[in-house]
Amino acid sequence: MTATQPDSRAGERTPVPLVEVTIDGVVTEVPKGTLVIRAAEDIGIAIPRFCDHPLLKPAGACRQCLVDVAMPDREGNVRPMPKPQASCTLEVTPGMVVSTQLTSETADAAQRGVMEFLLINHPLDCPICDKGGECPLQNQAMSHGRGTTRFVDVKRTFPKPLSISTQVLLDRERCILCQRCTRFSDEIAGDPFIDLQMRGARQQIGTFDETVLGFEGQAPVGDAQIDVSGRPFASYFSGNTIQICPVGALTSAAYRFRARPFDLVSAPAVAEHDACGADIRVDHRRGVVLRRLAGNDPAVNEEWISDKDRFAFHWQSAADRLVAPLVREHGGRGDTDDALVETSWADALDVAATLIAERRGRLAALPGGRGTLEDALAWSAFTRVVLGTNDVDFRSRAYGDAAEEQVLGSHVAGSGIAVTYADLEGADVLLAGLEPEEEAATIFLRLRKGVLAGRASVRTVAPLLSGGASKLRADLLTAAPGTEAEVLDAVAELGSADRPGVVLVGERLAAAPGGLAAAVRLAERTGARLAWVPRRAGDRAALEAGLLPRLLPGGRPVDDAAARAEVAAAWGADELPAQPGRDLTGILAALAAGELDGVVIGGVDLDDLPDPVAARAALAAVRAAGGVVVQLEVRTSCVTPYADVVLPVAPPSEKSGTYLTWEGRPRPFAEVFATSAMSDAAVLGLVAAELGLGWADDGAAKAPAAWTGARLTVDATRGAAADAVEPPALGAGQAVLATWKLLLDGGRGQDEEPHLAGTARRAVAQLSPATAAALGVTGAERVTVRGPRGELTYPLVVAPMADGVVWVPTRPRSTGAGSDTLDVATLGARAGEIVEVRA
Amino acid sequence: MTNSHSTLTPVLTDIWDAPRSWTLATYRDHRGYEALAKARDTAQADLVELVKGSGLRGRGGAGFPTGLKWSFLPAPDGGPRYLVVNADESEPGTCKDVPLMMANPHVLVEGVAITSYAIGCDHAFIYLRGEVVHVYRRLLAAVREAKEAGLLGDLEITVHAGAGAYICGEETALLDSLEGRRGQPRLKPPFPAVAGLYARPTVVNNVETIASIPAMVLGGSEWFAGLGTPKSAGHGIFSLSGHVTRPGQYEAPLGITLRQLLELAGGVRAGHRLKFWTPGGSSTPLLTQEHLDVPLDYEGVAGAGSMLGTRALQIFDETVSVVRAVSRWIDFYKHESCGKCTPCREGTFWLQQIMHRLEEGRGTADDLQSLSDIAGNILGRSFCALGDAAATPIQSGLTYFRDEFEAGCHTPARELFPPHRSVLHATDSEEVPA
């Protein structure tokens, strides 16, 4: 059965008094307020059900879980209730006596009666239904249904399927109207996505559909968001409705008719698209992943995942997947001058080792932020021991100046788990540089749960109240890009005795001048806890592994001799380089200037970098100067044309390892299926061994024990209001650029997922009414945003937001009807810089 | 309806025959709004006690003691509390609230004002069945008149027209509908008294219940309790329809019998005899000739295996096919099922197909057993009482007239009971007047 695991009791608070009840003759004690159906589960009695879901509010709609109940009256005589009761809505009371279908003929008859009703209009298409084989209705029809039907009449039918979105299809005749999907959309995701319509036997699930509702020429009203396919209802979480549908009514366009559940092999895994560490289940058949489902981890994602975590997995087996090592042949082979050619691992490792050995000390490492902790430690050891440098930076984004490394080194690295998901549920949260729905979907759902329960409250420092933030009922502390520090410094209070304060800092805050230092000041001022929420699955592990120029594993400063000695001992090296290295900007500049001879790079998309054009120029300069680029990558990427050696590495499904969530929680996972692909750690270990510089006997770079010495320090006065730099004055026709990535965008991790892509948000430019008026674009359908390097045209949305600011999504996949590409990099401007806006 | 016959007790119906009975002036000529003035000089708690002591039970069908319902409201916490009058009268055969509001809307408005005062409510709602537009206008006019005459003080009364859904007569579905949501019953608890309209403490009462308050305030609880029977106190409107000589609303003490009411109404139409009847609308199990002397109070009718319901007495003579009548009722319930719960949604869908088959004389050998099983699987297992209501005509029909259902396996109902004979002004023509 879907989702019948015991209730998540994570974050349990004050102990609840116990109540004694008798179920089928078994006396048990359960916490007060427990539903009868849950109490029965606790002692191993499964009551059939459809509408009930432990994470949704009780509905009592399907009536499948009816049981016989008797309760003591005032004199203590146990009296039977006149009607069978829905065990999914009834809370236990002291002395209650429950008889389920196992011991009560009434309950059994009631359940069989309801089952018969559910089946009269249900099609007998189980053999071709996606759910067949894992269907609660099918299972319970077998256990509680009649062998044959006595319904000889006309079944209810509908045209099929109805497209709820490009990703979710609905076969209405299969639907048993349990309302799990609509309740999920309402109670969990908060998207006006699907709802009940019509009534009685004609009642059905649907979106706003004129043809179904019989409305002509009327558009829906409300706060629904339009997705790129033009549908008025967009949700990032719609895939969960497919999973909790207890019949095959909601199906995934990507998976529909592709497999039978009993042919699939399931493996637990951890989602790789963000730093949330959501528990997932990967279903594969003969080495091909066919679908992913939400796992059940009450401490992390409960039973929900985003559509990106669910549907975006074809990237791991995309057509451009690297299967064999490549080396660049310099001339010699006919017309394949300077071409990358496939070779053996032995040859590739030999070439790589030789190229690296020749330039040891003059190479940098750009390891990206997508690896496991094991991979990150291997990169860290490889950089320090093999490359002999501290020129390493896992970041592939804008980050401002050295302040970020100071804050991460002093407050985050080696700090363990400071804030958990459960903490968020009951916290006074301030978001800075973070849009949880777009950048950390699991946090979004957990915050929303806390907010709706009245236990959490949210404020957000942002230029506008996004759809996601409004679903969190967040108060907007309006901040134009660049003014975040000022706004954070103005926050007087955060948190209270029963609702501790938490500052959730997104990685984007680093790019705002003084932003991170101001967040640290706020936390210290208010006693709130600070947590850093990066965007990538491997970011926290990279930080813990010391993939920054001034940090070694566990937050050890590079310039601390004792720290270096501890790490060197753990890695079996004599000593580590003492000179703090270059950061991302420094590395790219040094590559371009010829100060570095090359780079070992992996997991970096040049288009994610603050200046993709400059990054390409830097790599081109390396090639021109006869330097070396060694790439470790899953798929051919924009780095590959510059590489001398390309070493294929395993995607997450084909390796084991440990992700660290933004909390710092280890999320170990095993490989989903075995292939010959090797992890970054294994490949780096082979290269190191080739050079005779292996860092450990078993090839794995170990993390030394926790660091107790001094840490990096933060210059606490940085960016304080007193010495804040005035933002540049805007000229006529100008606005400050605000931008962030949307959950579903042009990222390569979502390649080859057309159904998913259709549910992305429409790419628009947003201006405040005053700014639109000042720019003279009020009423315009489109605006063109112009930066130093180029211009882009977007549909215009005028809505309340910070004045003098234009917001656009960073890298949407869909170009809409505007420009060919809508990648902000085209503009040559970053968040906080000035662009021109015209109609 | 005024009638000098001693068994009638015109209270609510007292001024229906007065000229322009719906106006404030007429109402005031008949002691209108005196009760409100008197109530305002009474402590709120005393008013609740008055209603409790009177034995008034909800007139919407369920018969829950009104004063007790009021006393369930939690202590005032400074926030709003609401009175919602259920005027969504939609039960087949029931026609008491609509004529009452049509003829004398002010008695309801005065009742609303008194009740609001008694329970500490500043904003009352009247949720009216949307189809009765004329009544809607009369209610709006009455509220406006009362407001303009300064009778309501700070009390706000909102008259809301529903959109024509039977389920919205269920009190929690009514509240959802009133809030602008889909009209489907809510999970209870919490009950409306604790978290009703906009999740605030709310009293939901039937029109007739609230309209009974002014006379009770003037007459006192003892006067009220003196009418009717010990457990079913007071007066009520009995609506006789169907094959009676003088159909209409007869206001009488609870406990009167159908035999007495038929006498008042001139008996079953000439030349015919009673075959079956409903005591309180189509949702109450039907009764027969043998129940003519059952006292029409809550206990009496329950003792006969039915329910007093809304006192909508539909009288059917021997020309009527039970199968046909039940089939029409099932059509209604299937059409009006809200769809929330399985038994009601699917059960009525199935019942309808079987009933239509039986009506056509094409029933199968298994159909009677199926009917009985389906009704049994709906009754007591649906989310709200609508499902129960759909099951009752089937079950009682099978109990008393099984042979007619069996005949449905071979002979169409229209042959056994030609419809043209059932119409009130029957002719020999087989044409059924439209």
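Throughout, a chain's letter reflects where its sequence line sits, starting with A, and its residues are numbered from 1.
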S.K.: A:Phe117 ring centre to B:Arg345 NZ or CZ under 6.0 Å, with the angle to the axis within 45°?
M.R.: no
S.K.: Using non-hydrogen atoms only, which part of B:Arg357 is less than 4.5 Å away from chain A: side chain, backbone, both, or neither?
M.R.: side chain
S.K.: Which bit of A:Pro58 is near chain B, if near means a heavy-atom gap under 4.5 Å: side chain, backbone, both or neither?
M.R.: both
S.K.: Does A:Ala201 offer a backbone N or O that forms a donor-acceptor pair with the side chain of B:Glu346 under 3.5 Å?
M.R.: no
S.K.: Can you tell which part of B:Asp388 gets under 4.5 Å to a heavy atom of chain A, answering side chain, backbone, both or neither?
M.R.: side chain
S.K.: So which atom in B:Gln353 and which in A:Phe151 form the shortest heavy-atom distance, rounded to 0.1 Å?
M.R.: NE2-CZ, 4.2 Å
S.K.: Please classify the contact between B:Leu379 and chain A as side chain, backbone, both or neither, with a heavy-atom cut-off of under 4.5 Å.
M.R.: neither
S.K.: Run the numbers on A:Asp195 and B:Arg182 for salt bridge (charged side-chain N to carboxylate O under 4.0 Å, His left out), then give the verdict.
M.R.: CA-CA 10 Å; A:Asp195 214 334; B:Arg182 189 176 171 76; 6.0 Å; no
S.K.: Can you tell me which portion of A:Ala86 sits under 4.5 Å from chain B's heavy atoms? Options are side chain, backbone, both or neither.
M.R.: neither
S.K.: Under 4.5 Å from any heavy atom of chain B, what part of A:Gln179 do you find: side chain, backbone, both or neither?
M.R.: side chain
S.K.: Report yes or no: does A:Arg156 contribute a side-chain atom to a donor-acceptor pair with the main-chain N or O of B:Phe349 at less than 3.5 Å?
M.R.: no
S.K.: Which pair of non-hydrogen atoms, one from B:Gly380 and one from A:Lys83, has the smallest distance, and what is that distance?
M.R.: O-CB, 3.5 Å
S.K.: Please flag which part of A:Ile120 lies under 4.5 Å from any non-hydrogen atom of chain B: side chain, backbone, both or neither.
M.R.: side chain
S.K.: What part of A:Arg202 is in contact with chain B, defined as an atom under 4.5 angstrom from a non-hydrogen atom: side chain, backbone, both or neither?
M.R.: neither
S.K.: May I ask you to name which of B:Asn377, B:Ile354, B:Thr342 has the most heavy-atom pairs under 4.5 Å with chain A?
M.R.: B:Thr342
